[in-house]
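Beneath this line is the structure, given in C-alpha cells, with notes to follow.
Counting starts at 1 for both ligands and their atoms, in listed order.
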Amino acid sequence: MLKFAKHFCPTLLPRGHTLVPSSSLVPGNDPTLLFTNSGMVQFKDVFLGADKRPYKRAASAQRCVRAGGKHNDLENVGYTARHHTFFEMLGNFSFGDYFKRDAIQFAWEFLTGVLKLPPERLWVTVHISDDEAADIWIKEVGVDPTRFSRLDADNFWQMGDTGPCGPSSEIFYDHGPGVPGGPPGSPDDGLDRYIEVWNLVFMQFERQTSGELIALPKPSVDTGMGLERIAAVMQGVHSNYEIDLFQALLRATSEATGCRNFEEKSLRVIADHIRSCSFLIADGVLPSNEGRGYVLRRIIRRAIRHGHKVGQEKPFFHKLVAALVEQMGEAYPELAAQQQHIQKVLLTEEEQFAKTLDKGLAVLAGKLESLSSKIIPGDVVFTLYDTYGFPADLTNDIARERGLALDMAGYEALMEQQRDQSRSAGAFKMDYTAGLDLAGETSFRGYEGLSSETSITALVRGRFQVDRLSEGEEGVVVLEHTPFMPSRAGR
Ligand code: GLY
C-alpha cells in the first residue's frame with residue numbers, strides 16, 4: 001500500500017523536483033562500487049540512459065559512506081572539521097531537463113535567498129575550461145569575481161573509475177579569518193577556513209574502462225551538499241562535530257568510554273565511526289575479511305582502538321547504537337528496527353578484537369622502542385595484521401599519532417607472498433573427509449545470523465567415519481549448515 005502511495009502520489013518539492021528516498025549504502029545497481037558514495041549513485045543508470053523514471057527532476061537526502069574506493073575519507077576523520085566515514089548528502093538532479101543555468105540559479109537562490117547566507121561569505125569555483133559556467137556566475141548571478149576561481153582536477157567529478165562524470169562548480173563557505181586556511185586554489189586550501197558546502201556537477205560524459213570519455217545521451221545535473229557541513233554553517237559553528245547531532249553522540253561517547261575531555265580527537269573518531277558502522281550493518285554488511293565486510297571491520301577496529309587509547313578497555317562501542325537511534329531513528333526507521341542486531345554484531349566484534357588488541361599494542365610498543373628510523377618496517381605491519389588482527393590503516397593511525405610512517409611496500413610484498421602461499425596450499429589442501437562416503441555439502445548461513453541450529457551429518461576420527469567422539473578425542477564434526485566462516489585466526 002505504501003509502495004502504491006509512493007508511486008502515485010510523489011512528494012513534490014519546489015521547482016518540480018520529486019522527493020526520492022535514500023537508497024541503501026550497498027549499491028544495488030553497481031558491482032564496481034564498494035559503497036554508495038553520493039546522491040547520484042541510485043540514478044547512475046538514469047544518467048546513462050539505461051533506466052527511465054516517471055520524473056525528470058529529483059531531490060534526495062542520501063546516506064553515504066566514503067571509506068574505500070575512489071572517494072575515501074577514512075584517514076581524514078578526526079583530523080579535519082569536515083570529513084566523515086558516513087554523512088548525508090542533499091541533492092537535486094536533472095535527467096536531461098535543466099542544465100547549468102538553472103542549476104546555478106537554483107543553488108544561489110537556495111543559499112542566499114532561503115538559507116540567507118551572506119554572499120560575501122561564499123566563494124565559487126568552476127572548471128578551468130568552463131567559460132559558460134563562469135559567465136553565468138559572474139555576469140548573470142553577479143558573483144564577486146574576487147571570490148571566484150577556476151580549478152582543474154578539483155572541478156571535475158566522477159563517482160568511481162568509470163561511470164557518469166563531468167565538470168563541476170563548487171560553492172564554499174568562508175568560516176572567517178579566525179580559522180586557518182586559504183581560498184580554493186591557494187596553497188593552504190586543504191585547511192578548514194573555506195569549506196565546500198555544495199558541488200554542482202554538470203553531467204556530460206561517461207568514463208569508460210579505457211579512460212575514454214563518451215557523451216551522455218542528454219546533459220544532466222547532479223548536485224551534492226553535505227548535510228553536516230551546511231548544518232554547521234546554519235548553527236553558527238565551525239566544525240561538524242559541534243552541530244547538535246554530533247554533540248549528542250559525543251556526550252554518549254564520553255559516557256561510554258569514561259573520557260571527559262571533549263577536545264580529545266578519539267571521541268570524534270568514535271562518534272563518526274558509530275554512524276558508518278551502524279548504517280552499514282543495518283544495510284546488511286557484516287564484518288569479514290574481505291570486500292565491504294573488511295572495510296566495516298577496519299572501521300570498527302579503529303573505533304575500538306581509539307576507545308582503548310582513552311582508557312576504555314571493555315566493550316563500549318555497541319552501547320552507542322542507542323544514542324544514534326535516538327538521533328537518527330526517526331529519519332531512518334530501518335536503523336531503529338535493527339538496533340538489537342547492530343548491537344550484537346558490534347559486541348561480537350569487540351569481544352573478538354579484545355583478545356588480540358592488548359598483545360598487538362604491546363608488540364608494537366616493543367618494536368617502536370628499538371626503531372632507528374621514522375618508518376615502521378613492513379614485517380611489523382604484517383605481523384600485526386596477520387597475528388593480531390590490526391588492519392594496516394589502524395597501525396597507520398597509531399604511527400601517525402607518533403609522527404611515523406609505514407613501509408607499505410614491504411607490507412604489501414609480504415601480503416602478496418602470503419596470498420601465493422595460500423593459493424598453492426589451496427591446490428594441495430588437506431581434505432579431512434577424503435575417501436569417505438559422505439553426501440552433500442555444508443551450507444554457509446553466516447549472512448543470515450551469528451548462530452544456527454543444525455544437525456551433525458558425520459563424525460570423523462583419523463581417516464574413519466565414526467558414530468561418536470568421546471571426551472578428549474580429536475576429530476571432525478560435519479554439519480548440515482553453519483554460521484562459521486573458515487578463516488585464519490586473529491585477522
Ligand atoms: N555527486 C556530487 C558530489 O558527490 O559531490
**CG-CD distance between Leu48 and Glu206, expressed to the nearest 0.5 angstrom** = 4.5 Å
**Item:** Pairs where residues 53-80 contributes a residue and the test ring pair (Phe, Tyr, Trp, His ring centres under 6.0 Å) is met, not counting sequence neighbours
**Value:** His71-Trp157
**Asked** With only distance considered, is Thr223 within less than 3.5 Å of ligand 1 through an N or O on each side?
**Response** no
**Atom indices of ligand 1, in the order listed, that fall short of 4.0 Å to a heavy atom of Val201** = 2 (C)
**Message:** List ligand 1 atoms under 4.0 Å from Met89, heavy atoms only on the residue side.
**Reply:** 3 (C), 4 (O)
**Message:** For Tyr241, does the six-membered ring have the charged nitrogen or CZ of Arg268 within the cation-pi criterion, i.e. under 6.0 angstrom from the centroid and within 45° of the normal?
**Reply:** yes
**For Ser38, the ligand 1 atoms whose distance to one of its heavy atoms is below 4.0 Å** = 1 (N), 4 (O)
**Prompt:** Taking N or O atoms only and a 3.5 Å limit, does Asn199 qualify as a polar contact for ligand 1?
**Reply:** yes
**Message:** Would you say the ring centers of Phe43 and Phe93 fall short of 6.0 Å from each other?
**Reply:** yes
**Side-chain donor/acceptor of Thr253 to backbone N/O of Leu249, under 3.5 Å** = yes
**Fill in**
Residues at least two apart in sequence or cross-chain that pass side chain to side chain donor-acceptor pair (under 3.5 Å) with Asp97, listed by chain then number, are Arg57
**Fill in**
re atom 1 (N) of ligand 1, the protein heavy-atom contact at minimum distance is Asp222 OD2, 2.8 Å
**Item:** Contact check: Arg66 vs ligand 1, nitrogen or oxygen atoms, below 3.5 angstrom
**Value:** yes
**Prompt:** Would you say His71 contacts ligand 1, with heavy atoms under 4.0 Å as the rule?
**Reply:** no
